[in-house]
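Reviewing the structure listed below.
Numbers restart at 1 for each chain; the letters A, B, ... are given by sequence-line order, proteins then strands.
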Protein chains: 2
Amino acid sequence: MNEEIFNTPLFNGLTREEIKTLLESVVCQYRRYSEGQLIASAGEVCNALQIVLKGRVKGEMIDFSGKVLKIEEIYPPKPLAVAFLFGQNNRYPVTVSAVVPTLLLVIPKKSVVSLMHNSEIFLINFLNAISNRAQFISGKLRFLSFKTLQGKLAHFLIEQDNIQNKNGRIFLSKTHEELAELFGVARPSLSRAIRKLHHQGIIRCFGKNIEIINWDELKNIGNKTG
Amino acid sequence: MNEEIFNTPLFNGLTREEIKTLLESVVCQYRRYSEGQLIASAGEVCNALQIVLKGRVKGEMIDFSGKVLKIEEIYPPKPLAVAFLFGQNNRYPVTVSAVVPTLLLVIPKKSVVSLMHNSEIFLINFLNAISNRAQFISGKLRFLSFKTLQGKLAHFLIEQDNIQNKNGRIFLSKTHEELAELFGVARPSLSRAIRKLHHQGIIRCFGKNIEIINWDELKNIGNKTG
DNA sequence: TTTTGTTTGTAACATTTGTTACATTTATGG
DNA sequence: CCATAAATGTAACAAATGTTACAAACAAAA
C-alpha cells in the first residue's frame with residue numbers, strides 16, 4: 001500500500017488501520033501512467049475518483065480550434081476532479097495527462113458512495129473537498145469580476161494585506177510577470193497601473209515591497225466592479 | 001408541511017412518505033422573513049442548509065467601500081449556498097436577504113449529515129447539488145477567460161448552437177442588453193462585435209435569429225483566450 | 001569583478017472597449 | 001389604428017489596455 005494514501009486530505013482524521021480497512025472493503029485499483037500518457041480526455045464521463053499518489057498530472061484545456069490553452073497541475077497526494085464525479089454534467093472539463101511517470105489510486109463512483117456510507121469522516125472530507133474547490137473557483141470569479149485593472153490591483157493589495165497582516169506593508173512573492181498573468185493582463189499594463197497608484201500617492205513602492213498609504217482611496221478604486 | 005419541500009431537488013427520487021419520515025428524524029425548522037429582511041451577512045459562518053420554500057431571496061456582494069455590486073436571486077424550491085456549508089472557509093460569500101415575504105426550511109449542518117447517513121438518495125442529491133454549483137461556476141470562469149469580446153461572442157454562439165442544435169441557426173432568447181451584461185461589456189460594444197462578425201461574412205443576422213456561415217473562422221476567433 | 005540573463009520601467013503607437021448621443025426599428029397597450 | 005415605450009444600429013470621441021521595443025536595474029554565476 002502506497003504511503004501517500006495516508007496523507008490524502010480525503011482520509012484526514014482516520015488512522016492508518018481505519019484507512020486500510022475502509023479501502024479493503026471496496027473495489028478500487030492502482031493505475032500507472034508513463035510520461036505524457038493520456039489519463040482522461042475532456043468531455044469524457046468521469047466515473048471514478050482518482051488520487052495522485054506518485055508523479056504529477058496536468059489538465060489542459062483544448063480549444064474549439066484545437067489549440068492548447070491553460071494548464072493546472074496536481075501533485076500527490078491530492079485527488080483529481082472531485083467536483084466532476086457527481087453532478088449533472090459529470091465530464092472532465094479538461095484533458096488530463098501524466099507529466100512524469102505517475103501512480104493513481106482509482107476508486108469507482110460506487111465505491112466512493114460506499115466509503116461515504118462506511119465512514120462519516122470520509123464523507124465530511126469529501127464534501128469539504130468539493131466545497132473547497134467551489135469556493136476557490138468562486139473567489140477567482142469574484143476577482144475577475146473587477147473590470148478595470150486598477151480595481152483588480154486594489155482588490156489584490158487589500159487581500160494581500162489581510163493575509164500578510166503587516167499593517168499596510170505588503171511583500172510581493174511573485175514577479176510582475178506572474179502577477180500580470182494572474183490578472184490576465186500584459187505586463188506593461190500592470191506596471192502602468194502600479195505607477196498610477198504610486199503617482200496618486202495611494203501606495204509607495206520599494207522593489208517588491210509595497211506600502212499602502214491612502215486606504216480610503218484604495219478601497220474606493222476597488223469599488224468599480226461592474 | 002409545505003408542499004414545495006417535495007419538489008426540492010435535494011429530495012428528488014424520494015416518496016412523500018420517505019421525505020416526511022426523514023425530516024421528522026432530524027432537527028430542523030421553518031423560518032419566516034419579511035420583505036427586505038436580512039437572512040445572512042457576507043462573511044458570516046454558514047452552519048445550516050437553507051431551502052427557499054416561498055418567496056424569493058437575493059444575494060448581494062458588498063464592496064470594500066460599501067457599495068452594492070451584484071445580485072443573484074434564488075426561487076423556490078431551491079437550496080441556498082450549498083457549496084458554502086462545508087469546506088475550509090464556510091462563510092457566506094454574499095449578503096443574503098429576502099426580496100419578498102419568504103419562508104425558509106433551515107436544516108443545521110449536523111442534521112444534514114444525519115440525512116445523508118439515513119438516505120443514500122439524499123446523499124447523492126446533495127453531492128449533485130454541490131457539484132452542479134461547482135460546474136456552473138467553472139463554466140462561467142472558462143467563459144470569462146476569453147479576453148476579447150469577439151472571443152466571448154464566438155464561444156457563446158458555438159455553445160448556443162450546441163444547445164439549440166439547429167445546425168447553425170441560433171435564436172437569441174435574451175436582449176442585447178442582457179447579453180452585454182452577461183459578457184460584462186457595454187451594449188454598443190456588443191453591437192459592434194456582432195456587426196463585425198456580420199461584415200466578415202462569418203454570421204448573418206435576422207433580428208434575434210443568427211445564422212453561422214463560416215464555421216472555421218468562428219472557431220478560430222474563439223481561439224484567442226489568453 | 002565581469003558577465004550574463006532575468007526582471008522591471010517606460011515610451012510610442014495600435015487596438016479594443018466604454019460613453020454618450022441620437023436615429024431607427026420593433027414591441028406593446030390603448 | 002395610433003401612441004408610447006423598449007430595443008437596436010450606429011457614429012464620434014474618450015479611456016483603457018495590448019504590443020513592441022529598448023534601456024535600466026538587479027541577481028546569479030563564472
Side-chain angles (χ1 to χ4, degrees), chain A residues 67 69-70 143-157 160 170-211 217-218 220-226, chain B residues 67 69-70 143-157 160 170-211 217-218 220-226:
Chain A
K67 210 170 165 186
L69 283 183
K70 247 181 200 172
F143 184 74
L144 279 185
S145 77
F146 286 91
K147 266 190 202 157
T148 70
L149 179 48
Q150 292 261 321
K152 288 177 190 170
L153 181 55
H155 180 263
F156 175 79
L157 290 176
Q160 281 300 306
I170 297 160
F171 177 73
L172 301 178
S173 55
K174 303 186 180 196
T175 69
H176 285 190
E177 185 71 49
E178 291 170 315
L179 277 185
E181 158 95 42
L182 174 68
F183 292 175
V185 299
R187 185 189 60 80
S189 304
L190 176 61
S191 270
R192 249 187 319 224
I194 294 176
R195 205 185 326 156
K196 210 168 167 186
L197 285 185
H198 179 91
H199 283 157
Q200 288 173 333
I202 295 173
I203 62 173
R204 246 198 304 246
C205 305
F206 316 92
K208 282 195 179 307
N209 293 287
I210 291 180
E211 186 186 350
E217 263 309 307
L218 192 65
N220 261 327
I221 289 171
N223 203 332
K224 292 142 189 170
T225 315
Chain B
K67 211 169 164 187
L69 284 182
K70 245 182 198 168
F143 184 75
L144 278 185
S145 77
F146 286 92
K147 266 192 205 157
T148 70
L149 179 48
Q150 293 261 322
K152 288 177 189 170
L153 181 56
H155 180 262
F156 175 81
L157 290 176
Q160 281 300 306
I170 297 160
F171 176 74
L172 300 179
S173 55
K174 304 187 180 197
T175 69
H176 285 191
E177 185 72 47
E178 291 169 315
L179 278 186
E181 157 95 41
L182 175 66
F183 292 176
V185 300
R187 184 189 60 79
S189 304
L190 176 61
S191 269
R192 250 186 320 223
I194 294 176
R195 205 185 325 158
K196 209 168 167 185
L197 285 184
H198 179 91
H199 283 158
Q200 289 172 332
I202 296 175
I203 63 173
R204 243 196 309 244
C205 305
F206 316 92
K208 282 197 179 308
N209 292 286
I210 291 181
E211 186 186 351
E217 263 309 307
L218 192 65
N220 262 326
I221 290 171
N223 202 333
K224 292 144 191 170
T225 314

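Atoms CG and CD1, from B:Leu153 and B:Ile194 in turn, are 6.0 Å apart once rounded to the nearest 0.5 Å. Summarising the geometry, atom CG belonging to B:Leu172 is positioned 11.0 Å from atom CD belonging to B:Glu178; distances are rounded to the nearest 0.5 Å. Distance check, rounded to the nearest 0.5 Å: NZ of A:Lys208 to OG1 of A:Thr175 gives 6.0 Å. Between atom CD1 of residue A:Ile202 and atom CG of residue A:Leu218 there is a gap of 6.5 Å, rounded to the nearest 0.5 Å.
Taking atom CG of B:Leu172 as the reference point, atom P of C:dT26 lies 15 Å away to the nearest angstrom. Atom pair B:Glu177:CD and D:dG9:P shows a separation of 12 Å (rounding to whole Å applied). With rounding to whole Å, A:Glu178 atom CD is found 8 Å from C:dT7 atom P. Residue B:Leu153 contributes atom CG, which lies 14 Å from atom P of C:dT16 at whole-angstrom precision. Atom-to-atom, NZ of A:Lys174 to C1' of C:dT6 comes out at 18 Å; the value is rounded to the nearest Å. The CZ atom of A:Arg187 sits 12 Å away from the C1' atom of D:dA24 (whole-angstrom rounding). What separates CD of B:Glu181 from P of D:dA7 is a distance of 13 Å, to the nearest Å. The separation between A:Phe206 atom CZ and D:dC26 atom C1' is 18 Å, rounded to whole Å.
Residue B:Arg195 has its side chain nearest to D:dA11 when only C:dT10, D:dA11, C:dT7 are considered. Across D:dA21, C:dT8, D:dT8, the shortest atom-to-atom separation from the side chain of A:Pro188 is found for D:dA21.
Between B:His155 and B:Phe146, the two ring planes are tilted [angle within 30° to 60°].
Using modelled atom types, one side-chain atom of A:Gln150 and one backbone atom of A:Ala193 make a donor-acceptor pair closer than 3.5 Å.
Listed pair B:Ser191 / D:dT8 fails the phosphate criterion, with no side-chain N or O lying under 4.0 Å from OP1 or OP2. Phosphate proximity of C:dG9 to A:His176: present, with a side-chain N or O under 4.0 Å from OP1 or OP2. Applying the 4.0 Å criterion to OP1 and OP2 of C:dT7, one finds that A:Lys208 has every side-chain N and O outside that range.
Residues A:Phe183 and A:Lys152 share a closest heavy-atom pair of O-NZ, 3.3 Å.
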Nucleotide N/O to protein N/O under 3.5 Å, stretch nucleotides 15-17 of chain D:
from	atom 1	to	atom 2	distance (Å)
D:dT17	OP1	A:Leu149	N	2.7

